[in-house]
There are 2 protein chains.
Amino acid sequence: MPAQDETRDRILEVTRRLVQSKGFSGFSYADVAAEVGIRKASVHHHFPTKGDLGEALMVRYRRDFGEILARIRASKGEARSRLRAYAVLFADLLRDDYRLCMCGMLAADFDVLPPSVRGEVRGFFDDNEEWLADVLASGRKQQELSFVGSPREQARVLLSALEGAMLVARSHGDVSLFEGVAQRVFHAVTAPPRRAVRAPVSLRRASRRVA
Amino acid sequence: MPAQDETRDRILEVTRRLVQSKGFSGFSYADVAAEVGIRKASVHHHFPTKGDLGEALMVRYRRDFGEILARIRASKGEARSRLRAYAVLFADLLRDDYRLCMCGMLAADFDVLPPSVRGEVRGFFDDNEEWLADVLASGRKQQELSFVGSPREQARVLLSALEGAMLVARSHGDVSLFEGVAQRVFHAVTAPPRRAVRAPVSLRRASRRVA
DNA sequence: GTCTATACACAGATAGAC
DNA sequence: GTCTATCTGTGTATAGAC
């Protein structure tokens, strides 16, 4: 990467963290400049308007997040472990200063978002839904997962639950609340063992896997 | 209600809508004043600081929302219909200008919230969880509902899914996405019919037991 | 209780020197 | 590319007349 892009990268990284913590209307050029260690005017040099900054942020974030998801999808193991890896991404955000998923935060800020950023947020939701639907579909095919209806619809349920659980966990300052919800929604799409079946048993297995 | 409190009430009502649309840092005294039809200074007369306004807003909102929930809980009918009535409250918010649940929005804004408001947000989450847990517990007792684990934990799953589904629906501008998720999570806690069974039944029962 | 007027800080954004 | 300096609008908040 060319040296002249390093400042740009640091700006985007700092902005990402600020948005995940304080929302789109909650951070300012002054905040970004202070944390990067430059002046406001320099930030404007790279991103003339806040809309430009927000748009570039989302493009970058979708790219990075997409790469991570691709790696998880390509990993060996059961569908369930992929779901767990996905939830861990969110839990790590919470653990690191109770930050929120970017799409969750920006969905809340939707009304005050520049239009160009809105499109990216929608796209990011779609990215997540599609990835989850893929994992769900192939997991069901392998008989590792079990659920009613289309993978896409079920993906929306999982995504909603995880996004909402981040909000709940954040307001209580307790990551385990998120983990509890994740465990339960994943358990709900897990295929029952081929034989032998008491509910408490599979629940306990679930708790080891997701906690 | 004394006449002198009418302006105060209108301010709180306008503020509620603004917060649900734009978030806590997304609305201003100027916005409130313009919509109420008074001047900024008059708003400050009733609520000196934004923290005061936010706190009063939450106290009022919890009271009003609590009354609505109490009415739903007291209604005749199955547990399931109470859950549906609860979801309708949220869907109506979306239908009316894609507003968000107050606790969802303020959970996203948590970092930029005055401390006194934070406590109210936490309390509001607890109100909702407790109410849902009550409905779930009595529904299970009546064998109308079926789920694994404690009502409280299951309540958290439902609340998370509904909060998250509001975000998803909002960013796509499509209330039916919310309704789809609500339908599915409610179905997941609904007890299977006493008799009557077709082939997919074991699958459906499995998915019903946990969200 | 509401108003006008204003204080003061900060927002996003620009001009132009280096 | 980064800086200083500045512009203009808006933010929360206050003083004091009516």
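Only this structure's heavy atoms are used, side chains among them; waters, hydrogens and symmetry mates stay out. Quick caveat: nothing in here was measured; it's all calculated off a predicted structure. Reminder, nothing fancy here: chain letters follow the sequence lines and each chain counts from 1.
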Assess whether atom CD of Q183(B) is packed by more than 12 heavy atoms of other residues, nucleotides or ligands within 6.0 Å. no
Between P on dG9(D) and CG on D31(B), what's the gap in Å once rounded to a whole number? 18 Å
Salt bridge (charged side-chain N to carboxylate O under 4.0 Å, His left out) pairs touching residues 23-48 of chain A, sequence neighbours excluded, are K22(A)-D31(A)
Are S28(B) and dT10(D) close enough that a side-chain N or O sits under 4.0 Å from OP1 or OP2? no
Would you mind reading off the distance between I11(A) atom CD1 and dG1(D) atom P, rounded to a whole angstrom? 11 Å
Taking N and O atoms by type only, does the side chain of K50(B) place a donor or acceptor under 3.5 Å from a partner on the base of dG11(D)? no
Let me spell it out: for each of H45(B) and S25(A), pick the nucleotide of DNA chain C with the closest heavy atom. Which residue's pick is nearer the 5' end? H45(B)
Could you tell me how far apart K40(B) (NZ) and dG16(D) (P) are, to the nearest whole angstrom? 18 Å
Below 4.0 Å: OP1/OP2 of dT2(D) and any side-chain N or O of H46(A): yes
To the side chain of A41(B), which of dT4(D), dT2(C), dA5(C) is closest? dA5(C)
Taking only N and O in the side chain of T7(B), is any of them less than 4.0 Å away from OP1 or OP2 of dG1(C)? no
How many Å lie between CZ on R39(A) and P on dG16(C), as a whole number? 21 Å
Checking R99(A) now: which residues fulfil salt bridge (Lys or Arg N to Asp or Glu O under 4.0 Å) with it, not counting sequence neighbours? D96(A)
Nearest to side-chain heavy atoms of Y29(A), which nucleotide of dT4(D), dG12(C), dA13(D): dG12(C)
May I have the step-by-step check of ring pair (Phe, Tyr, Trp, His ring centres under 6.0 Å) for F65(A) and F124(A), ending in yes or no? CA-CA 9 Å; F65(A) 204 80; F124(A) 188 43; 5.2 Å; yes
To 10°, what angle do the rotation axes through the five end pairs on each side of the helix from dG1(C)-dC18(D) to dC18(C)-dG1(D) form? 0°
Side chains of Y86(A) and W131(A): closer than 4.5 Å at any heavy-atom pair? yes
Check every strand shown and say whether F47(A) touches a base, only sugar-phosphate, or nothing at a heavy-atom separation below 4.0 Å. nothing
When the distance from CZ of F24(A) to P of dG12(C) is rounded to whole Å, what number comes out? 9 Å
To the nearest angstrom, the CD-C1' distance between E6(A) and dT2(D) comes to 15 Å
Can R62(A) and E120(A) be counted as an ion pair, charged N to O under 4.0 angstrom? yes
OP1 or OP2 of dG12(C) sitting under 4.0 Å from any side-chain N/O of T49(A)? no
Any idea which heavy atoms bring A165(B) and F178(B) closest together, and the distance? CB-CD1, 3.6 Å
